[in-house]
Amino acid sequence: MIENRKEEHINIAETRNVTSEHNYWDDIRIIHRAVPEIDYNKIETDVNFLDSKFNYPFIISSMTGGTEKAKKINSNLARAAEEFKIGMGVGSMRAALVNRDTADTFSVINNYNIPAKFANIGAPQLIAQDKPALSDKDIEYIFNLIGAKYLIIHFNFLQEMVQPEGDKNAKGVLSRIKELAGSYPLIAKETGNGFSHDDAMDLKDAGVKAIDVGGLGGTSFAAIEYYRAQKINDKVKMHTGETFWNWGIPSPASIKYCSTGIPVIGSGGLRNGQDIAKSIMLGASMGAMARNFLNDADTSYEDLKSHMENIINDLKITMFLTGSKDVKSIKKAKYIILEPLLSWLKGD
Ligand SMILES: Cc1cc2nc3c(=O)[nH]c(=O)nc-3n(C[C@H](O)[C@H](O)[C@H](O)COP(=O)(O)O)c2cc1C
């Protein structure tokens, strides 16, 4: 069941238009420096995040696992993470708990030397639904399976509302996170709808080490679930998917809302190196991308590699043309903000 669902998510994300209507990164316009006064060849792109060091300020966001197709995708993504020395997450590891035969579709990434691996589990699985909550042993198993450095708890309650088999209980998640924070470095991550300021404060109080905003502007899980519902002609879920297609807090606004003193990762709709720079300008430590890498990772390593090189090239050019000699300096670059993002930034 989970394996089918994961396969469907990938197929739909690869072939359908599943993005939200508006990409809010376009509402940020960077001020060009005609006189940058730095040497392009001396630009430094490395970044420290928590206790990790990456060569570039972006990570490969959690996407998949659980199927043979996912194994290939994870393997290619891991090879890129090793080559470019960046961090990488895998998709929800519940599949490996439900069916241990699928464990290698995640642990395949252990064949590569990655600076930091992010294990992944959903917030709904931390508490009892119509099935029991995951145990301490379950969490330990998935964390060790990939030799993870961090544990991502993903929040996807909108998706749960749209998918036919969705988990509907959210009560008790924070206290379970508080318990787990004593044993694991936790990162709270949304999956396309963003976190509010109140969410960020709650999560910080619960002990998470960082927040990955996963905001609105890129992949919409309401859209993905809409297409799944369409396949089985589930008119009720189709309606919900359509109604909530553009629900959420724009990624750049969520970065601002979540800037509460712990590191923030900017994600949701990033397409290129300019978007990575914009997320850092707004206060994130680095950016993250998911669907942007999906098709290439499923096609060939060579395609994925040249896509990553393009992104890095964009980033370095953006740094050069803003006079930013290193990642820290990007925060000082100037920009203007257009509507509708401008109004979002005044809120919360
Ligand atoms: C096919 C697919 C599967 C995903 N599965 C997961 C998952 O299992 N766990 C998770 O935390 N996020 C998952 N995500 C969400 C992404 O990590 C990311 O938060 C979201 O897609 C927004 O980023 P993007 O606009 O760069 O795609 C998935 C995304 C895609 C496209």
Side-chain angles (χ1 to χ4, degrees), residues 9 13 18-20 22-25 58-64 87 89-94 118-127 150-163 166-168 170 173-174 176-177 180 186-225 241 244-260 262-270 275 279 282-292 341 344 347-348:
H9 284 159
V18 294
T19 51
S20 67
H22 184 66
N23 191 308
Y24 295 84
W25 299 107
F58 67 97
I59 55 175
I60 301 169
S61 255
S62 323
M63 254 189 302
T64 201
V90 292
S92 171
M93 300 178 78
R94 178 154 64 128
F118 299 70
N120 188 291
I121 201 71
Q125 279 83 64
L126 297 184
I127 52 174
Y150 308 105
L151 174 61
I152 288 178
I153 308 291
H154 74 252
F155 287 76
N156 65 331
F157 282 108
L158 169 56
Q159 185 192 5
E160 299 291 346
M161 292 298 110
V162 192
Q163 66 187 9
D167 292 330
K168 295 188 169 51
V173 167
L174 281 174
R176 182 64 176 135
I177 285 184
L180 291 172
L186 300 183
I187 298 175
K189 170 180 174 298
E190 241 287 355
T191 48
N193 310 110
F195 289 110
S196 69
H197 181 70
D198 291 342
D199 294 330
M201 293 308 289
D202 286 347
L203 290 164
K204 188 183 167 195
D205 287 349
V208 307
K209 293 271 185 297
I211 294 179
D212 180 340
V213 301
L216 176 68
T219 307
S220 159
F221 261 94
I224 292 180
E225 294 297 343
F244 288 87
W245 195 292
N246 295 296
W247 175 272
I249 300 169
S251 308
S254 192
I255 292 174
K256 282 268 176 198
Y257 301 168
C258 290
S259 296
T260 57
I262 54 173
V264 173
I265 299 169
S267 72
L270 276 69
D275 292 343
S279 71
L282 288 203
S285 303
M286 57 181 179
M289 299 180 206
R291 191 163 153 263
N292 200 5
L341 181 62
W344 275 97
D348 207 40

Show the nearest heavy-atom pair for residues Ser285 and Pro263, with the distance to one decimal. OG-CB, 3.7 Å
What closest approach, in Å, do Ile224 and His9 show between heavy atoms, and which atom pair accounts for it? CG2-CD2, 3.5 Å
As a test of understanding, state which of Leu151, Val90, Ile59 forms a side-chain contact (heavy atoms from CB on, under 4.5 Å) with Phe118. Ile59
Can you tell me how far apart CZ (Arg291) and CE (Met289) are? Round to the nearest 0.5 Å. 13.5 Å
Side chain of Ser61, backbone of Ala290: donor and acceptor closer than 3.5 Å? no
Apply side chain to side chain donor-acceptor pair (under 3.5 Å) to Asn246 and His22, showing your working. CA-CA 8 Å; Asn246 295 296; His22 184 66; over 6 Å; no
Is Trp25 reaching over with its side chain to a backbone N or O of Gly268, donor-acceptor style, under 3.5 angstrom? yes
Is Trp247 close to Leu158 at the side-chain level, that is, under 4.5 Å between some pair of heavy atoms? yes
If only side-chain N and O atoms count, and only distance matters, is there a donor-acceptor pair under 3.5 Å linking Ser267 with Asp212? yes
The reported gap from CG in Asp198 to CG in Asp202 (rounded to nearest 0.5 angstrom) is 6.5 Å
Just wondering, do Val213 and Ile265 contact through their side chains at under 4.5 Å, heavy atoms? no
Might you point out which heavy atoms bring Phe157 and Ala170 nearest each other, and give the distance in Å? CZ-CB, 3.5 Å
Minimum side-chain heavy-atom gap Val173-Phe155 below 4.5 Å: yes
Step-by-step side chain to side chain contact (heavy atoms under 4.5 Å, CB included) determination, Lys204 to Ile262: CA-CA 8 Å; Lys204 188 183 167 195; Ile262 54 173; 4.1 Å; yes
Report the C-alpha separation of Ile249 and Leu216 in whole Å, then their side-chain angles, then the decisive distance to 0.1 Å, and conclude whether the side chain to side chain contact (heavy atoms under 4.5 Å, CB included) test is met. CA-CA 5 Å; Ile249 300 169; Leu216 176 68; 5.9 Å; no
Nearest non-hydrogen partners of Lys168 and Glu160, listed with the distance: NZ-O, 4.1 Å
Please round to the nearest 0.5 Å and tell me the distance separating atom OG of Ser92 and atom NE2 of His154. 5.0 Å
Mind checking the CZ-CD1 spacing from Arg176 to Ile127? Nearest 0.5 Å is all I need. 11.0 Å
Taken to the nearest 0.5 Å, the spacing of Ser251 OG from Leu270 CG works out to 7.0 Å
If I compare all heavy atoms of Cys258 with all of Ile211, which pair ends up nearest, and what's the gap? SG-CG2, 4.0 Å
Do the non-hydrogen side-chain atoms of Ile177 and Ile153 ever get within less than 4.5 Å of each other? yes
Testing the basics here: between His197 and Thr260, what is the closest heavy-atom pair and its distance to 0.1 Å? CE1-CG2, 3.7 Å
Between Trp344 and Pro252, is there a side-chain heavy-atom distance shorter than 4.5 Å? no
Show your reasoning for whether side chain to side chain contact (heavy atoms under 4.5 Å, CB included) applies to Asn156 and Phe221. CA-CA 8 Å; Asn156 65 331; Phe221 261 94; over 6 Å; no
How many angstroms lie between atom OH of Tyr257 and atom OG of Ser196, to the nearest 0.5 angstrom? 9.0 Å
Working note: Asn120 + Ser62, criterion side chain to side chain donor-acceptor pair (under 3.5 Å); need CA distance, chi angles, decisive distance, verdict. CA-CA 7 Å; Asn120 188 291; Ser62 323; 2.9 Å; yes
So Glu190 and Phe195, do their side chains get closer than 4.5 Å, heavy atoms only? yes
